[in-house]
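Comments concern the structure below.
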Amino acid sequence: MRAMRVVMGSLLGTMDASWDQLADRLAGLGDDEYRWEPVAAMWSVRPTGDGWVVDVEKPDPDPAPATTIAWRLWHLAVDCLDSYSARVFGTGGTGLEGRQWVGTADEAVAALERAWRAFRDGVAGWGGTGLFEPLGPDWGPHADRTHLDLALHAHRELTHHGAEIALLRDLYPGPDAAR
């Protein structure tokens with residue numbers, strides 16, 4: 001039993017460290033930077049008569065297009081964390097699904113934080129033994145994978161896309177940059 005508590009503590013500690021790093025990098029994100037498209041044909045979030053929606057095709061084209069910070073925040077919050085939370089815990093954090101998203105950086109950061117909290121709190125609620133339970137039939141070909149596998153996958157997504165967001169922020173020229 002102690003070993004399971006240790007595994008859970010290590011998992012949550014690692015997930016929290018990655019989240020804290022991303023949250024720090026999102027501080028001060030502005031709307032222009034949020035939707036900045038440094039190359040042609042990027043996937044982003046766009047206003048429609050039904051609110052804001054993301055560009056997406058299923059299956060993904062090969063190669064997939066580059067994506068904006070706005071798109072990446074949607075992917076993390078709705079496509080990943082909320083999707084996982086809804087299937088495993090019965091609820092998500094944003095109240096959004098599919099291609100729905102938000103148009104401002106402040107709304108996006110707040111929505112991502114809600115999605116993160118819902119997922120992270122759900123993982124913490126599993127306790128040590130819950131980590132090793134299978135995901136079950138709602139997960140199709142991944143049904144035999146464990147909750148631990150899902151948590152590690154979510155952590156990979158957060159780290160991977162968080163690094164991409166950080167790079168885009170580093171490259172963003174800002175309104176005062178010489179062109």
Side-chain angles (χ1 to χ4, degrees), residues 11 14-15 18-19 21-23 25-26 29-89 92-105 107-109 111-116 118-120 122-123 134-173 179:
L11 173 65
T14 300
M15 289 172 56
S18 292
W19 168 256
Q21 187 174 31
L22 176 56
R25 291 294 283 149
L26 289 171
L29 179 66
D31 292 344
D32 289 340
E33 186 178 5
Y34 170 68
R35 289 190 299 272
W36 178 52
E37 296 186 37
V39 298
M42 289 185 80
W43 278 357
S44 190
V45 57
R46 312 218 186 264
T48 70
D50 297 324
W52 292 83
V53 297
V54 295
D55 302 321
V56 69
E57 293 176 24
K58 295 294 181 189
D60 287 341
D62 186 18
T67 57
T68 63
I69 292 173
W71 191 96
R72 292 167 198 274
L73 291 174
W74 162 81
H75 176 65
L76 284 171
V78 176
D79 201 29
C80 294
L81 297 173
D82 266 6
S83 165
Y84 307 156
S85 292
R87 287 192 275 172
V88 175
F89 311 121
T94 69
L96 302 170
E97 57 186 33
R99 296 178 57 208
Q100 298 175 319
W101 193 225
V102 296
T104 70
E107 290 173 304
V109 171
L112 176 60
E113 183 168 357
R114 289 191 310 273
W116 164 252
F119 185 78
R120 194 260 185 228
V123 169
L135 292 172
D138 285 350
W139 292 84
H142 306 288
D144 292 335
R145 303 302 299 253
T146 66
H147 288 148
L148 178 59
D149 292 321
L150 177 63
L152 291 171
H153 174 73
H155 179 253
R156 269 192 317 275
E157 287 287 309
L158 189 74
T159 303
H160 169 112
H161 293 294
E164 293 170 330
I165 290 165
L167 177 61
L168 283 170
R169 295 214 64 195
D170 289 344
L171 295 173
Y172 181 67
R179 300 220 187 241

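These numbers come from the heavy atoms of this one structure, side chains and all, not from hydrogens, waters or symmetry mates. In what follows, residues are counted from 1 in the order of the sequence shown.
Under the side chain to side chain contact (heavy atoms under 4.5 Å, CB included) criterion, Arg169 pairs with Arg25, Leu29, Glu33, Ile69, Ile165, not counting sequence neighbours. Looking at residues two or more places apart in sequence or on another chain, you find no ring pair (Phe, Tyr, Trp, His ring centres under 6.0 Å) involving Tyr34. Partners of Arg87 according to the salt bridge (Lys or Arg N to Asp or Glu O under 4.0 Å) rule, which considers only residues two or more places apart in sequence or in another chain, do not exist here. A search for side chain to side chain contact (heavy atoms under 4.5 Å, CB included) contacts involving Trp52 returns Arg35, Val45, Pro47, not counting sequence neighbours.
Asp82 places no side-chain N or O within 3.5 Å of a backbone atom of Ala115 that could act as its donor or acceptor partner. In terms of modelled atom types and a separation under 3.5 Å, the side chain of Gln21 and the main chain of Ser18 share no donor-acceptor contact.
Interatomic distance, CD of Glu113 versus CG of Leu22, reported as 10.5 Å (0.5 Å rounding). The distance from atom SG of Cys80 to atom NE2 of His153, rounded to the nearest 0.5 Å, is 5.5 Å. With values rounded to the nearest 0.5 angstrom, Arg72 atom CZ is found 7.0 Å from His161 atom NE2. One finds the NE2 atom of His75 at 10.5 Å from the CH2 atom of Trp43 (value rounded to the nearest 0.5 Å). Rounding to the nearest 0.5 Å gives a distance of 11.0 Å between CH2 of Trp74 and OG1 of Thr68. With rounding to the nearest 0.5 Å, the separation of CG in Leu73 from CG in Asp79 is 12.5 Å.
Nearest heavy atoms, Ala118 versus Gly92: CB-C, 4.0 Å. Residue Ala143 comes nearest to Pro134 through the heavy atom pair O-CB, 3.6 Å, listed as atom of the first residue, atom of the second, then distance. Between Thr67 and Leu168, the closest heavy-atom pair is O-CD1, 3.6 Å.
Under a cut-off of 6.0 angstrom, the local environment of CD in Glu37 is crowded, with over 12 non-hydrogen atoms contributed by other residues, nucleotides or ligands.
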Apply the test side chain to side chain contact (heavy atoms under 4.5 Å, CB included) to residues His155 and Thr14: give CA-CA distance (whole Å), side-chain angles for both, the deciding distance (0.1 Å), then the verdict. CA-CA 8 Å; His155 179 253; Thr14 300; 3.4 Å; yes
Can Phe119 and Met15 be said to form a side chain to side chain contact (heavy atoms under 4.5 Å, CB included), step by step? CA-CA 11 Å; Phe119 185 78; Met15 289 172 56; 3.8 Å; yes
Does Leu150 form a side chain to side chain contact (heavy atoms under 4.5 Å, CB included) with Tyr84? I'd like the steps, not just the answer. CA-CA 8 Å; Leu150 177 63; Tyr84 307 156; 3.8 Å; yes
Kindly determine whether Thr146 and Leu135 satisfy side chain to side chain contact (heavy atoms under 4.5 Å, CB included), including the steps that lead there. CA-CA 5 Å; Thr146 66; Leu135 292 172; over 6 Å; no
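Inter-residue side-chain proximity for Tyr172 and Asp32 is flagged as met; some heavy-atom pair is nearer than 4.5 Å. No side-chain heavy atom of Trp101 sits under 4.5 Å from any side-chain heavy atom of Val53. A heavy-atom distance below 4.5 Å is not found between the side chains of Leu112 and Thr94.
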Enumerate, atom names and distances included, each donor-acceptor pair closer than 3.5 Å involving a side-chain atom of residues 54-61, sequence neighbours excluded.
from, atom 1, to, atom 2, distance (Å)
Asp55, OD1, Arg46, NE, 3.4
Asp55, OD2, Ser44, N, 2.9
Asp55, OD2, Arg46, NE, 2.9
Asp55, OD2, Arg46, NH2, 3.0

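Residue pairs meeting the salt bridge (Lys or Arg N to Asp or Glu O under 4.0 Å) criterion with at least one member in residues 137-162, sequence neighbours excluded, are Arg145-Asp149.
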